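What follows is a single structure, written as structure tokens, with notes after it.
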Amino acid sequence: MRTVYRDDHEHFREQARRFLEREVIPFHDQWEKDGLVPKEVWRKAGREGLLNTMLPEPYGQGGDFGHSAVLLEEITRAGASGLGFSLHSDIVAPYIFRYGTDEQKERWLPRMSRGELIGAIAMTEPGTGSDLKSVRAHARREGDEYVINGQKTFITNGYNSEIVVVVCKTDPQAGAKGVSLIVVEEGTPGFSKGRKLEKIGLHAQDTAELFFDNVRVPVGNRLGEEGKGFAYLMHELAQERLIIALRAATSIETMLEQTLQYTRERKAFGQPIFDYQNTRFKLAEARAEVEMVRVFVDHCLALHLKRELTPVQAAMAKLTSTEAQGRLLDAFLQMHGGYGYMAEYGIGRAWIDARVMRIYGGTSEIMKEIIARTL
Ligand SMILES: Cc1cc2nc3c(=O)[nH]c(=O)nc-3n(C[C@H](O)[C@H](O)[C@H](O)COP(=O)(O)OP(=O)(O)OC[C@H]3O[C@@H](n4cnc5c(N)ncnc54)[C@H](O)[C@@H]3O)c2cc1C
């Protein structure tokens, strides 16, 4: 029995489910083959109020993070891993909302809310991921412009992106204090997209390289203060990690239900797989563990709704939920036997899609570093 959501969140859940059933689930297999979700789906989601859910009108739908959480739970439950809505609405748009000027908010957020501008955030580079303060993309100031040079990789929504928050060095000598966040729009001369990267999972999700070759943008495209970008990133990454934890918890629950059903139906040596003690004990352990994960993640969600979630708690939630997801989905796949390895069974796809959860948004090792510093 979950207590974290209000009635309006649950009504929104119904709306999200209807959208997914109509506009997403029937087409997702094709998008997995295409390696991309069509832009039109974003526009439809915008029209139906499913983007920028947590931002006030006219920048978003006037909800709170609870609405975002409900939507991402439903997307996870549907196995619609191609939809990069949460990154757009709950990660990119909040940077503009929190650190942007009124003029910047008016310029970009209503269009993001309508699905007319697809958002991405470009932190990672070929040479640096975990060590974010070592990014090399450089924004050199020339009068009232920045000239950006550099390369980014593994960027979610990158190929479709129409607006990108780029993590740049404005002062390469100043380490973390030399990092700034600068917005680059599609069509700006010198900004180009590389190939869609071929991944082992998340096949429908667009992940791309981005290139910046003497890209000139007005100084007015910088979010917040020059040199404060690293501090902004550290603040916002807590929400990104909570999002990943919420998805991990939902993925375990969904796959546990599917595995219960499968093992009750499938027979070996004259009896359902479920009746073997090994199966029942493993599923019992899984039920106990996912309950623990859910309670802690909901606790973090409740804290976050009161703006009280700390970066350390978010790191704990991401670490424990995604490590549990990796272990449990592997056990569930094993219980499906050969069918577990077939793409048409949800468990195989969920298992491979889950692998990245321990890597992106900060690896498990980085989560341990964050927690260890407080010991
Ligand atoms: C599908 C996908 C989508 C992504 N989307 C985005 C996106 O939208 N935007 C974006 O900017 N990035 C994105 N990323 C990048 C992702 O955040 C990075 O891959 C991740 O942060 C790890 O960085 P790295 O790949 O450079 O690994 P590295 O930093 O090179 O790490 C390699 C290994 O070393 C370990 N390691 C590193 N430092 C330490 C340490 N101090 N102590 C112990 N171990 C350590 C790591 O844990 C890891 O196991 C995405 C990645 C993937 C795979």
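Small disclaimer: the values here were computed from a predicted structure and weren't measured.
- L237 and L87 fall within a single hydrophobic cluster, where Ile, Leu, Val, Met, Phe, Trp and Tyr side chains are chained together by heavy-atom contacts under 4.5 Å.
- Heavy atoms from other residues, nucleotides or ligands lying under 6.0 Å from CZ of R141 number more than 12.
- There is a side-chain donor-acceptor pair under 3.5 Å between N214 and N149.
- The side chain to side chain donor-acceptor pair (under 3.5 Å) pairs that include a residue from residues 339-350 are D29-R349, where partners are two or more places apart or lie in different chains.
- In summary, the side chains of Q30 and D34 do present a donor paired with an acceptor at a separation below 3.5 Å, with no hydrogens or angles considered.
- Side-chain heavy atoms closer than 4.5 Å link hydrophobic residues (I, L, V, M, F, W, Y) into clusters, and following such links, possibly through other members, connects L333 to L328.
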Could you go through residues 269-281 and list every donor-acceptor pair under 3.5 Å that involves a side-chain atom there, pairing it with any protein atom two or more places apart or in another chain?
| unit_1 | atom_1 | unit_2 | atom_2 | d |
| --- | --- | --- | --- | --- |
| Y276 | OH | A268 | O | 2.8 |
| N278 | OD1 | K282 | NZ | 3.2 |
| T279 | OG1 | I273 | O | 2.8 |

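- The neighbour count for E198 CD, taken as heavy atoms of other residues, nucleotides or ligands under 6.0 Å away, does not exceed 12.
- Other members of the cluster containing I371 are F296, V312, M316, L319, I366, M367, I370, with ILVMFWY side chains joined at under 4.5 Å, either directly or via other members.
- Within 6.0 Å of atom NZ in K193, more than 12 heavy atoms from other residues, nucleotides or ligands are found, so the atom counts as buried in its surroundings.
- Q205 has its side chain within reach of T156: a pair of non-hydrogen atoms, C-beta onward, lies under 4.5 Å apart.
- Side-chain contact, S161 with N157: no donor N or O sits under 3.5 Å from an acceptor N or O.
- In this view, E142 and R140, R216 satisfy the salt bridge (Lys or Arg N to Asp or Glu O under 4.0 Å) rule, not counting sequence neighbours.
- In this structure, the separation between SG on C168 and CE on M123 is 13.0 Å, given to the nearest 0.5 Å.
- Contact annotation: the side chain of Q151 never approaches that of E125 to less than 4.5 Å [non-hydrogen atoms, C-beta and beyond].
- Annotation for K267: atom NZ does not count as buried by contact number, only 12 or fewer foreign heavy atoms lying within 6.0 Å.
- Residues satisfying the side chain to side chain contact (heavy atoms under 4.5 Å, CB included) test with K44, not counting sequence neighbours, are F19, E23, E40, R47.
- A continuous path of ILVMFWY side-chain contacts below 4.5 Å connects M342 to Y262, so both sit in one hydrophobic cluster.
- Counting non-hydrogen atoms of other residues, nucleotides and ligands closer than 6.0 Å to NZ of K228 gives a total of 12 or fewer.
- Side-chain atoms of H28 come within 3.5 Å of backbone N or O of G82 as a donor-acceptor pair.
- Side-chain contact between L309 and L242 is present, with at least one heavy-atom pair separated by less than 4.5 Å.
- Judged purely by distance below 3.5 Å, without hydrogens or angles, the side chains of S251 and T76 never pair a donor atom with an acceptor atom.
- In this structure, the side chain to side chain contact (heavy atoms under 4.5 Å, CB included) partners of A93, at least two apart in sequence or on a different chain, are N52, L55, L109, M112.
- Residues forming a side chain to side chain contact (heavy atoms under 4.5 Å, CB included) with E14 (at least two apart in sequence, or on another chain): R17, R18.
- In summary, the side chains of S364 and E323 do present a donor paired with an acceptor at a separation below 3.5 Å, with no hydrogens or angles considered.
- Side-chain contact between W31 and V41: present, with at least one pair of heavy atoms (C-beta onward) separated by less than 4.5 Å.
- Judged purely by distance below 3.5 Å, without hydrogens or angles, the side chains of W42 and E116 never pair a donor atom with an acceptor atom.
- Under the 4.0 Å criterion applied to side-chain N and carboxylate O atoms, E162 and R43 are assigned as salt-bridge partners.
- With sequence neighbours excluded, the residues that form a ring-ring contact (aromatic ring centres under 6.0 Å, His included) with F65 are H304.
- No more than 12 heavy atoms of other residues, nucleotides or ligands sit less than 6.0 Å from atom CZ of R307.
- Qualifying ring-ring contact (aromatic ring centres under 6.0 Å, His included) partners for W351, counting only residues two or more places apart in sequence or in other chains: none.
- Residues F12 and Q15 have side chains in contact (heavy-atom distance under 4.5 Å, counting atoms from C-beta outward).
- In M234, the CE atom is crowded: over 12 heavy atoms of neighbouring residues, nucleotides or ligands sit closer than 6.0 Å.
- Counted by atom type alone, Y5 and E73 present one or more donor-acceptor pairs between their side chains at under 3.5 Å.
- Using a 3.5 Å distance cut-off with no hydrogens or angles, the side chains of H67 and D8 do pair a donor with an acceptor.
- A donor-acceptor distance shorter than 3.5 angstrom exists from the side chain of H336 to the backbone of F332, with no hydrogens or angles considered.
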Check: Are D171 and K177 close enough, and set up right, to give a salt bridge (Lys or Arg N to Asp or Glu O under 4.0 Å), and what steps lead you there?
Finding: CA-CA 8 Å; D171 181 355; K177 294 208 167 83; over 6 Å; no

Note to self: Apply salt bridge (Lys or Arg N to Asp or Glu O under 4.0 Å) to residues R6 and E10 and explain how you reach the verdict.
What the structure shows: CA-CA 7 Å; R6 301 184 304 258; E10 294 302 340; over 6 Å; no

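- Contacts of E253 classified as salt bridge (Lys or Arg N to Asp or Glu O under 4.0 Å), with partners at least two apart in sequence or in another chain: R77, R294.
- Residue A120 comes nearest to V92 through the heavy atom pair C-CG2, 3.5 Å, listed as atom of the first residue, atom of the second, then distance.
- The other members of the hydrophobic cluster of L197, by chain and number, are F154 (side-chain heavy atoms under 4.5 Å, ILVMFWY only).
- Geometric assessment of K133 against the ring of F230 yields a negative cation-pi assignment under the 6.0 Å and 45° thresholds.
- Listed for the Q239 side chain is a donor-acceptor partner under 3.5 Å among the backbone atoms of D90.
- Donor-acceptor pairing under 3.5 Å is lacking for the side chains of D131 and T128.
- D206 contributes a side-chain N or O that, together with a main-chain N or O of N160, makes up a donor-acceptor pair within less than 3.5 Å.
- Here the shortest heavy-atom pairing between A139 and I148 reads CB-CG1, 4.0 Å.
- Under the 4.5 Å side-chain criterion, counting only non-hydrogen atoms from C-beta, P56 is in contact with F97.
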Note to self: Please determine whether side chain to side chain contact (heavy atoms under 4.5 Å, CB included) holds for the pair I244 and Y360, giving the CA-CA distance in whole Å, both sets of side-chain angles, and the decisive distance to 0.1 Å.
What the structure shows: CA-CA 9 Å; I244 294 172; Y360 65 14; 4.0 Å; yes

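- Remark: the Q313 side chain and the T310 side chain contain an N/O donor-acceptor pair separated by less than 3.5 Å.
- Considering only heavy atoms from C-beta on, I121 comes within 4.5 Å of I91 through its side chain.
- No side-chain donor-acceptor contact under 3.5 Å links Y95 to the backbone of E236.
- With T188 contributing its side chain and E185 its backbone, the two residues share a donor-acceptor pair below 3.5 Å.
- Shown here are the ring-ring contact (aromatic ring centres under 6.0 Å, His included) partners of Y146, two or more places apart in sequence or in another chain: there are none.
- At a threshold of 4.5 Å between side-chain heavy atoms, the hydrophobic network of Ile, Leu, Val, Met, Phe, Trp and Tyr places L246 and L305 in one connected group.
- Note on V219: it does not cluster hydrophobically with L223, by side-chain heavy-atom contacts below 4.5 Å among ILVMFWY residues.
- With a 4.5 Å cut-off on side-chain heavy atoms, L202 and V356 count as touching.
- Checked by atom type, the side-chain pair K152/T124 shows no donor-acceptor distance below 3.5 Å.
- Nearest heavy-atom pair across S130 and T363 is OG-CG2, 4.2 Å.
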